[in-house]
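The structure appears right after this line, and notes come after that.
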Amino acid sequence: MTDVRVRFAPSPTGTLHIGSARTALYNHLFARHHGGTLVLRVEDTDLKRSRREYELSIVRDLHWLGLQADEGPDVGGPYGPYRQSERAPLYQAGVEKLLESGHAYHCFCTQERLDGLKAQQLAAGLMPTYDRLCRELTAEAAKERIASGEEATVRFFVPQGDVTFDDLIHGPITFSSDVIGDFIIHRTDGGFAYNYAVVIDDAGMHVTHVVRGEDHISNTARQLMLYEALGEEAPHYAHHSLIHGADGGKLSKRHGATSIGEFRDMGYLPSAVVNYLALLSWSPGDDREKLTLEELVSEFDMARVSKSAAIFDLDKLNWLNGLYIRELAAEELSEYIRPYLHEAGLEFDEGQREIVSAAIQPKLVTFGDAPIHAQVFADEPILTASSHLEALDEPGADIAFALLAEALEARDSEYFALEQARMILAQVGDGCRERGIKGKAIFKPLRVALTGCDHGPELFYLIAGLGRSRLLARLHTALGYLAQLGGRS
RNA sequence: GCCCCCAUCGUCUAGUGGCCUAGGACAUCGCCCUUUCAAGGCGACGGCGGGGAUUCGAAUUCCCCUGGGGGCACCA
């Protein structure tokens, strides 16, 4: 396969959706695997709903995922323009060609007549198709009516016969032209129909392989007819399945987050999203689940893409994201979680934030989870729940607290290196053991005294990252509670 | 209604006629590790939608049914 050219063609009527992102990914993987070219084409023929800001956000999200195109409205290229709204002259030329060769004709039917026709056919159990009334008009008659100011559309004259194509994912698919009516390629408002524009564009951009969702399968027959009529060579097609929600229906807002931007904002890593999306409907053929973009590129094979629809499974994305997060170095993680901590009102200096990062790393599913886990490093512990107070009342706890306080007081830095924190903790443990207190018994009270909570990061992280003054204050508070409890009993 | 596509554990998948008493992963549950919670390790649970046909042999091929999805626009 030489000179592979594929395209990703979103309409800028919203932000990049998880489903479109997967289409972009498959295009990217196919192009890169074959050393080909990926072009980005903006399908903004629907002027009412298309917005430039959406185009920009789609490009930004594509970049975030690492799926930048080689040609497109943002980077240019030899076969532009890359926005459909700027390609009208090309479409117009094609329409004229089709009109001249008799592959298209003007139609003056009103919407009312068309609606009635459709209702009639539906009632008769037929596929609604245009009845070719205006096909009977001579070119001269049509010209006169247009000249007299009548509005007209241009319809493609659908040829008789079957249309078959060999889909790279599905294999051979055949449509009978009987179920395809003469469709409009040029609207009365001057706009061009999608199925037509796509053909002019793909042909003009020398696209060799069209990789898109299977909601386009039935469009393919129309497009193939257009290629034939235009005398252009048709590309190969690969129609991948659609993503469904947990209820089996098409993925939509009510299934939760569906746009790439939302996942980015929640604190997902692009590597995890890309990995997950690739695995949805594709597998390397062995047991590997975790693959980088580079690995995906070298392993990707369109023939291995599953035909059946896949249900979006957040649990698995979460698992992958956690996997990638745990791979991060503490200083990287620290940078990633900074904005989330800041937004939650948790401020740490750089060194402390790195300790916090390392401490909470195993617990993170997304970066957005950082604040809830980092909370213990910021707030004063709230020792009110009676169960927690009881946890303090362990024989020897007071001694352990005092030993830790002593060890801390002997040092003058506010924060400690992890190694140092480990040493301090070991020192306390040794001291307890010397006094006949079991090591295991003191850790829980210590944790409760320090955090007010019975679970959380490993103790040495707390000692390293909490800060000496705060540690001491909490220790003294706990000691005070202990004294009260002792007085009561 | 008509046309097209699809069908293996709850979910994503491996499987292309014998290697399948169907493999892996997520989720769930249990155990281990452990100063807690996680993480990690080990294990358990759990599936070829139904019916015919071809074949010595079918998850795998063919047909029918059922179920799901998509399309049938002067949307893309």
Side-chain angles (χ1 to χ4, degrees), chain A residues 9-13 43-46 48-50 84 107 109-111 114-115 118 121-129 151-155 167 169-171 173-176 178-181 183-195 197-198 213-221 239 241-242 244 246 248-250 276 279-290 304 306-320 322-323 326 360-365 373 391 425 429 438-448 451 453-460:
Chain A
S11 346
T13 53
E43 307 211 322
D44 57 351
T45 51
D46 184 350
K48 282 184 279 295
R49 293 192 299 145
S50 296
Q84 290 191 324
C107 173
C109 290
T110 60
Q111 193 61 57
L114 263 17
D115 289 343
K118 184 175 173 180
Q121 287 165 327
L122 243 22
L126 297 165
M127 193 114 159
T129 54
E151 282 195 328
T153 59
V154 177
R155 280 184 190 274
D167 193 278
I169 294 169
H170 292 273
I173 298 176
T174 302
F175 285 92
S176 162
D178 297 348
V179 299
I180 301 169
F183 53 93
I184 286 169
I185 58 176
H186 194 194
R187 302 190 296 253
T188 50
D189 67 0
F192 298 89
Y194 167 79
N195 277 309
V198 153
E214 67 181 18
D215 47 341
H216 288 286
I217 287 183
S218 50
N219 285 331
T220 309
H239 290 97
S241 64
L242 269 20
H244 290 183
K250 205 174 167 184
Y276 177 70
L279 251 31
L280 212 59
S281 289
W282 178 86
S283 87
D286 52 40
D287 290 344
R288 282 175 297 168
E289 300 277 343
K290 185 168 169 294
R304 291 196 62 80
S306 162
K307 298 183 188 61
S308 44
I311 290 173
F312 185 80
D313 180 18
L314 189 63
D315 281 331
K316 189 148 184 178
L317 205 212
N318 284 342
W319 169 70
L320 276 169
L323 234 45
R326 270 167 249 133
I360 67 175
Q361 189 165 25
K363 295 187 194 311
L364 294 181
V365 171
H373 292 113
L425 201 58
K438 281 202 196 86
K440 198 160 179 166
I442 60 165
F443 291 111
K444 190 169 183 190
L446 216 40
R447 167 179 305 284
V448 172
T451 68
C453 192
D454 59 6
H455 63 267
E458 303 222 45
L459 279 176
F460 68 88

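Just so it is clear, the values below take in all heavy atoms, side chains as well, and ignore hydrogens, waters and symmetry mates. All chains are named by letter (A, B, ...) in the order of the sequence lines, taking the proteins before the strands, and each is independently numbered beginning at 1. All values reported here derive from a predicted model rather than from experimental measurement.
- For the pair A:R326 and A:L364, the tightest heavy-atom approach, listed with the atom from each and the gap, is NH2-O, 4.5 Å.
- A:K307 comes within contact range of the sugar-phosphate backbone alone, with a heavy-atom separation under 4.0 Å but no base atom that close.
- When the C1' atom is compared between B:rU34 and B:rC12, the two are found 32 Å apart, to the nearest whole Å.
- Comparing B:rU36 with B:rA25, their P atoms are spaced 27 Å from each other, to the whole Å.
- Here B:rG40 presents its P atom at 12 Å from NZ of A:K290, a figure rounded to the nearest Å.
- B:rG50 and B:rC45 are spaced 25 Å apart, taking the C1' atom of each and rounding to whole Å.
- Between the C1' atom of B:rC74 and the CD atom of A:Q111 lies a distance of 6 Å, rounded to the nearest Å.
- Between B:rC62 and B:rG43, the two C1' atoms lie 42 Å apart (nearest whole Å).
- Distance CZ (A:F183) to P (B:rA76): 13 Å, rounded to an integer number of Å.
- Remark: A:F183 engages A:F156 in a ring pair (Phe, Tyr, Trp, His ring centres under 6.0 Å) (not counting sequence neighbours).
- Pair assignment for B:rA14 gives none, since no Watson-Crick or G-U wobble pairing has each distance under 3.5 Å.
- In terms of phosphate contacts, A:R187 brings a side-chain nitrogen or oxygen within less than 4.0 Å of OP1 or OP2 of B:rC75.
- Distances were taken from every side-chain heavy atom of A:L459 (C-beta onward) to each of B:rC6, B:rA76, B:rU35; the shortest belongs to B:rU35.
- Nearest-nucleotide positions on RNA chain B place A:S176 closer to the 5' end than the other of A:S176 and A:H455.
- No engagement by A:P10 is indicated, since no non-hydrogen atom pair under 4.0 Å with the nucleic acid exists.
- The side-chain hydrogen bond (donor to acceptor under 3.5 Å, both in side chains) check on A:S218 picks up nothing, with sequence neighbours excluded.
- A search for side-chain hydrogen bond (donor to acceptor under 3.5 Å, both in side chains) contacts involving A:K307 returns nothing, not counting sequence neighbours.
- With B:rA14, B:rA76, B:rU13 as the candidates, the nucleotide lying closest to the side chain of A:S281 is B:rU13.
- Separating the CD1 atom of A:I442 from the P atom of B:rU35 is a distance of 11 Å, rounded to the nearest angstrom.
- B:rC75 and B:rU13 have their C1' atoms separated by 35 Å, with the value rounded to a whole Å.
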### Task
Produce a footprint string for nucleotides 24-34 of chain B: one letter per nucleotide, 5' end first; B if the base is under 4.0 Å from any protein heavy atom, S if only the sugar-phosphate is, - if neither.
BBSS-------
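- Taking atom CG of residue A:L364 and atom C1' of nucleotide B:rA38, one finds them 10 Å apart after rounding to whole Å.
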### Summary
Its contact letters, B for base, S for sugar-phosphate only and - for none at protein heavy atoms under 4.0 Å, make nucleotides 65-73 of chain B read ----SSBBS
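- Dashed line: the shortest gap from a side-chain N or O of A:H373 to OP1 or OP2 of B:rA38 is not under 4.0 Å.
- Smallest separation of non-hydrogen atoms from A:H239 and A:D167: ND1-OD2, 2.6 Å.
- The two atoms that bring A:L114 and A:C109 nearest to each other are CD1-CB, 3.7 Å, heavy atoms only.
- If you measure from atom CG of A:D167 to atom P of B:rC6, you get 9 Å, rounded to the nearest angstrom.
- Residues that satisfy the side-chain hydrogen bond (donor to acceptor under 3.5 Å, both in side chains) test with A:H244, not counting sequence neighbours, are absent from this structure.
- Of the candidate nucleotides B:rA76, B:rC74, B:rU35, B:rA76 has the atom nearest to the side chain of A:S11.
- Between A:S308 and A:S241 there is no side-chain heavy-atom pair separated by less than 4.5 Å.
- Residue A:S308 is classed as a sugar-phosphate contact, given heavy-atom separations below 4.0 Å to backbone atoms only.
- Of the candidate nucleotides B:rU35, B:rC74, B:rU13, B:rU13 has the atom nearest to the side chain of A:S283.
- Separating the CZ atom of A:F443 from the P atom of B:rU36 is a distance of 10 Å, rounded to the nearest angstrom.
- Listed by chain and number, the residues in a ring pair (Phe, Tyr, Trp, His ring centres under 6.0 Å) with A:F192 are A:Y91, A:H186 (sequence neighbours excluded).
- One P atom belongs to B:rG71, the other to B:rA76, and the distance between them is 14 Å to the nearest Å.
- Using N1 to N3 plus N6-O4 or O6-N4 for Watson-Crick, or N1-O2 and O6-N3 for G-U wobble, each under 3.5 Å, B:rC2 pairs with B:rG71.
- Nucleic acid contact for A:S241: none, since no nucleic acid atom lies under 4.0 Å from a heavy atom of the residue.
- Taking for each of A:Q121 and A:D189 the nucleotide of RNA chain B with the nearest heavy atom, the 5'-most of the two is the partner of A:Q121.
- Scored by the side-chain hydrogen bond (donor to acceptor under 3.5 Å, both in side chains) test, A:Q84 finds A:E43, A:D201 as partners (sequence neighbours excluded).
- Nucleotides B:rG17 and B:rC9 place their C1' atoms 23 Å apart, quoted to the nearest Å.
- Note on A:R326: a side-chain N or O is less than 4.0 Å away from OP1 or OP2 of B:rG40.
- Taking the C1' atoms as reference points, B:rC19 lies 46 Å from B:rC2, given to the whole Å.
- Applying the ring pair (Phe, Tyr, Trp, His ring centres under 6.0 Å) rule to A:Y194 yields the partners A:H216; only residues at least two apart in sequence or on another chain are considered.
- Both distances falling under 3.5 Å, in either a Watson-Crick or a G-U wobble arrangement, place B:rA44 opposite B:rU28.
- The interatomic distance linking A:I185 (CD1) with B:rC75 (P) rounds to 14 Å, in whole Å.
- The minimum heavy-atom distance linking A:A221 with A:I180 is given by the pair CB-CD1, 3.6 Å.
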